[in-house]
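Step one of this worksheet: look at the structure below.
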Amino acid sequence: MTKARSQQVSLDTTPYYHCVTRCIRRAFLCGYDQYSGTSYEHRRQWVEDRLMLLADVFAIDICAYAVMSNHVHTVLHINAAKAHHFTDLEVCERWHRLYKGTVLTQKFARQDPMNKAEQVAVKMRIDQWRLNLFDISKFMKALNEPIARMANAEDKCTGRFWEGRFKSQALCDEAALAACMAYVDLNPVRAKMAESPETSAHTSIKKRIKAAKCNETPLNLACFVGNPREPMPQGLPFKLIDYIALVDWTGRAIRDDKRGAIDGNLPPILDRIGIDPQNWIALTTAFEKNTNTFVGAEAHIESAALQLGYKRTPNRQRCKVLFG
């Protein structure tokens, strides 16, 4: 039976989640529909632009994303501390970038005089919005609804555009995070939509490589802050150059179908996170197939399942094999 989202997302377990949204129709979200002879390729930019806007509004960092023909992958980091540091006015202004709000919140945003009752009403509303700003369900709703409306208007039809629920996987440790990010970034390569990571349109890896060539940090993507240390700054626990090398190496292995003959010159990040090269290829070619609600080493997913009240740990044996 489908689990409630509250039983799948817990900041006490991990702040990192892999989310997948799929179209419900035969027609593609993007790409070329041979049946109708219509190209929907321009919709990829709709999704990417919306993701960048939401990353600028929500206290949720985008670690990786890939806009595919009939689904969208995102790897998200919930930054609750950031949301709690926003002032009430910042929360109000951020929410108003997406929604109209109420007459009272608009009045508050203009900093017009308000009586005590109005202040209390606005405070209650803003407290809820603050929680919404680090809620991945609200994030995915803010992503999917406008895209569905635009697609329906373009297709001159009504009804559902996306599946009823997005899929969510908790990434319980560094190894799971790295594997999932690489899996997402290499989606177009695996689907033969691109020859290499740097040519895979509408992916986070292309955006990162393009920025790196200019010695810049891409806007609205989670930052790489290097290997874990104390004190550890906020960001992805890898070096950018190591991650790009890892994705490039993995992409070559996937394209060349060399699962039985892995290059001996392994990226150093694989040694650090402790994943066998054969298992790494299995993860990055079929992450969703090989994993379940919780992803990571056996001890980490057992802890996550216990905290969320699961009687059994989903996919425990498979994760034990893949992550050790």
Side-chain angles (χ1 to χ4, degrees), residues 16 18-20 30-31 41 44-45 47-48 51 62-76 169 171 173-218 221-224 226-227 236-291 295 322-323:
Y16 293 101
H18 172 218
C19 300
V20 187
C30 307
E41 191 65 20
R44 294 182 190 276
Q45 196 61 52
V47 178
E48 191 169 23
L51 277 171
I62 298 176
C63 304
Y65 69 86
V67 185
M68 303 300 289
S69 294
N70 63 352
H71 62 286
V72 179
H73 287 275
T74 53
V75 178
L76 305 176
Q169 293 180 293
L171 307 175
D173 54 33
E174 269 185 70
L177 175 61
C180 187
M181 287 178 61
Y183 167 78
V184 169
D185 277 328
L186 286 169
N187 252 255
V189 175
R190 274 197 320 279
K192 302 188 186 306
M193 295 168 61
E195 287 295 318
S196 62
E198 63 270 23
T199 61
S200 54
H202 307 290
T203 62
S204 52
I205 190 65
K206 180 178 181 179
K207 195 177 186 71
R208 291 189 190 280
I209 292 173
K210 182 179 179 180
K213 287 180 178 178
C214 302
N215 199 28
E216 297 174 351
T217 300
L221 288 182
C223 295
F224 286 82
N227 297 339
L236 294 167
F238 317 110
K239 295 179 181 177
L240 174 59
I241 191 168
D242 287 347
Y243 177 73
I244 291 176
L246 177 65
V247 171
D248 181 65
W249 174 86
T250 307
R252 293 176 193 275
I254 291 171
R255 289 202 312 276
D256 296 339
D257 195 23
K258 295 181 178 178
R259 295 184 65 173
I262 300 298
D263 185 353
N265 187 23
L266 301 177
I269 192 174
L270 275 188
D271 289 333
R272 186 172 70 76
I273 61 180
I275 295 184
D276 177 85
Q278 296 285 359
N279 289 343
W280 176 263
I281 297 301
L283 279 166
T284 50
T285 52
F287 187 88
E288 292 176 86
K289 180 180 177 180
N290 285 321
T291 59
V295 189
L322 291 170
F323 291 95

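Remember, it's a predicted structure, so these values are computed and weren't measured experimentally.
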CA sep, side-chain torsions, deciding dist, call: Ser204, Met181, side chain to side chain contact (heavy atoms under 4.5 Å, CB included): CA-CA 9 Å; Ser204 52; Met181 287 178 61; over 6 Å; no
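- The line from OG1 of Thr203 to CD of Glu48 is 7.5 Å long, rounded to the nearest 0.5 Å.
- Heavy-atom minimum distance, Pro277 versus Trp249: CB-CH2, 4.4 Å.
- Between Leu186 and Pro197 the shortest side-chain heavy-atom distance falls below 4.5 Å.
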The test is salt bridge (Lys or Arg N to Asp or Glu O under 4.0 Å); show your working for Lys210 and Glu216 and say whether it passes. CA-CA 9 Å; Lys210 182 179 179 180; Glu216 297 174 351; over 6 Å; no
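- For the atom pair Ile241 CD1 and Leu246 CG, the distance stands at 12.5 Å (nearest 0.5 Å).
- Taking CG of Asp248 as the start and OG of Ser196 as the end, the distance is 8.0 Å to the nearest 0.5 Å.
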Start with the C-alpha distance between Cys63 and His18, add both sets of side-chain angles, then the distance that settles side chain to side chain contact (heavy atoms under 4.5 Å, CB included), and finish with yes or no. CA-CA 10 Å; Cys63 304; His18 172 218; over 6 Å; no
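- Distance check: Ile281 CD1 to Thr250 OG1 gives 5.0 Å after rounding to the nearest 0.5 Å.
- Note that CD1 of Ile205 is 4.5 Å distant from CG of Asp185, once rounded to the nearest 0.5 Å.
- Closest of all the heavy-atom pairs between Gln169 and Glu288 is OE1-CG, 4.3 Å.
- When ring centroids are compared, His73 and Tyr183 come within the 6.0 Å threshold.
- Taking the side chain as every heavy atom from C-beta outward, Val75 and Tyr65 never approach each other to under 4.5 Å.
- Leu177 places a side-chain heavy atom less than 4.5 Å from the side chain of Pro237.
- Of the inter-residue distances, the one linking Leu51 atom CG with Lys207 atom NZ reads 10.0 Å to the nearest 0.5 angstrom.
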